[in-house]
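First up is the structure itself, then whatever we jot down about it.
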Amino acid sequence: MRKNIVAGNWKMNTTLQEGIALATSVEKWVSEHPSKVKVIVAPPFTHLSDVGKVLHHVGLSSQNCSSEVSGAYTGEVSVSMLTSVNAAYAIIGHSERRSIYGETDAILAKKVKIALQAGLTPIFCCGEILKERESNIHFDVVRKQIEEALFILTPEEFSHIIIAYEPVWAIGTGVNATPAQAQEMHQYIRKLILSKFGASLADDLSILYGGSCKPSNAHELFANPDVDGGLIGGASLKAEDFIGIIQAF
Ligand code: PEP
């Protein structure tokens with residue numbers, strides 16, 4: 001079944017103490033306001049274990065994972081390390097990982113596969129840069145990102161995927177995609193998935209929008225039939241703003 005999801009990507013923000021306080025506020029609100037919306041937070045690796053302990057109604061995600069199982073990979077964090085601290089989700093392919101750390105489609109395909117094998121639910125990010133949208137190749141860019149990382153999956157594996165469409169030009173810029181632009185791309189993605197995995201998996205897929213989503217624009221973005229929620233950066237760092245976005249449903 002398709003789920004409405006609001007996930008907060010804290011990026012490299014908050015000390016452990018600040019992170020626990022933020023997670024505690026979000027958990028408290030979610031526990032007092034039962035709804036069909038699944039709320040997820042993705043703190044830095046160092047916070048996962050302690051933040052996880054205060055979450056009972058909110059899902060725990062990492063922001064990344066290693067493409068390798070274990071061994072001599074200094075500084076990396078494996079999927080089994082993540083599941084050992086009760087993370088249930090892993091953001092994979094965020095544009096900052098792609099552009100700053102050179103993560104290619106091939107690396108991301110490995111990460112998706114390895115995360116699924118460990119029982120993690122990948123939140124797979126895709127999206128075009130401004131130049132690509134201005135050149136009118138944004139659909140091709142997103143198609144390639146999805147084909148390379150997700151079309152290798154079996155239908156059973158794909159049934160555990162969440163996709164986040166995040167136009168790079170909208171991330172952290174204050175300029176969000178218009179509701180029409182978001183709907184157009186989400187519909188395109190769902191059709192692409194339908195062509196590969198069939199109607200049932202395409203219909204069940206949750207596709208989140210990410211990019212300068214805030215309480216003031218979340219409602220109009222989430223009102224679209226193919227926008228099933230949001231991956232939230234900056235606005236997930238203040239409980240009040242994050243909760244305002246959850247309330248947009
Ligand atoms: C993100 O980085 O995933 C994101 C959506 O950031 P922001 O909400 O700050 O644009």
Side-chain angles (χ1 to χ4, degrees), residues 4-14 18-19 22-23 26 37-45 47-48 58-65 87 89-103 108 111-112 115 121-130 132-133 138 141-142 145-146 149 161-179 181-183 185-186 189 206-222 224 226-249:
N4 291 326
I5 298 169
V6 176
N9 173 15
W10 296 0
K11 310 193 186 188
M12 197 171 73
N13 292 296
T14 73
E18 289 164 348
L22 175 57
V26 174
V37 181
K38 180 69 196 168
V39 178
I40 298 167
V41 294
F45 285 135
H47 304 11
L48 284 169
V58 173
L60 183 66
S61 178
S62 66
Q63 300 173 15
N64 184 21
C65 66
Y89 305 84
I91 296 173
I92 295 177
H94 190 280
S95 69
E96 287 149 19
R97 300 296 319 171
R98 292 177 190 262
S99 66
I100 304 171
Y101 299 101
E103 295 194 1
L108 299 175
K111 291 190 177 196
V112 167
T121 296
I123 301 174
F124 178 77
C125 303
C126 56
E128 80 285 357
I129 61 171
L130 185 59
E132 291 163 340
R133 178 162 281 264
H138 45 297
V141 169
V142 168
Q145 290 171 340
I146 290 176
I161 296 287
I162 296 166
I163 291 180
Y165 168 59
E166 301 206 300
V168 181
W169 46 272
I171 295 179
T173 59
V175 181
N176 58 287
T178 65
Q181 286 171 325
Q183 168 58 22
M185 182 59 86
H186 284 223
I189 292 171
S206 295
I207 309 176
L208 315 184
Y209 167 78
S212 298
C213 188
K214 39 190 179 271
S216 58
N217 61 22
H219 179 72
E220 55 178 14
L221 285 161
F222 297 171
N224 289 286
D226 289 296
V227 179
D228 306 308
L231 179 55
I232 317 300
S236 71
L237 291 171
K238 271 197 191 155
E240 196 187 323
D241 289 346
F242 192 52
I243 289 164
I245 292 173
I246 302 166
Q247 285 178 300
F249 273 112

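If you're wondering where the values come from, they're calculated on a predicted model, not measured in any experiment. In each ligand, atom 1 is the first atom listed, and ligand 1 is the first ligand listed.
- By the 4.5 Å heavy-atom criterion applied to side chains, C65 and I92 are counted as neighbours.
- Each of V141, I163, I161 was evaluated against I146; a single residue qualifies, I163, per the side-chain contact (heavy atoms from CB on, under 4.5 Å) test.
- Between H186 and Y209, the ring-plane angle classifies as tilted under the 30° and 60° cut-offs.
- Protein residues with a heavy atom under 4.0 Å from ligand 1 are N9, K11, H94, E166, A170, I171, G172, G210, G211, S212, L231, I232, G233, G234.
- Residues N4 and D228 have side chains that never bring a donor and an acceptor to within less than 3.5 angstrom of each other.
- Salt-bridge annotation for R98 and E103: absent, with no side-chain N of the basic residue lying under 4.0 Å from a carboxylate O of the acidic one.
- Here the straight-line distance linking atom OG1 of T14 with atom CG of L237 works out to 7.5 Å at 0.5 Å rounding.
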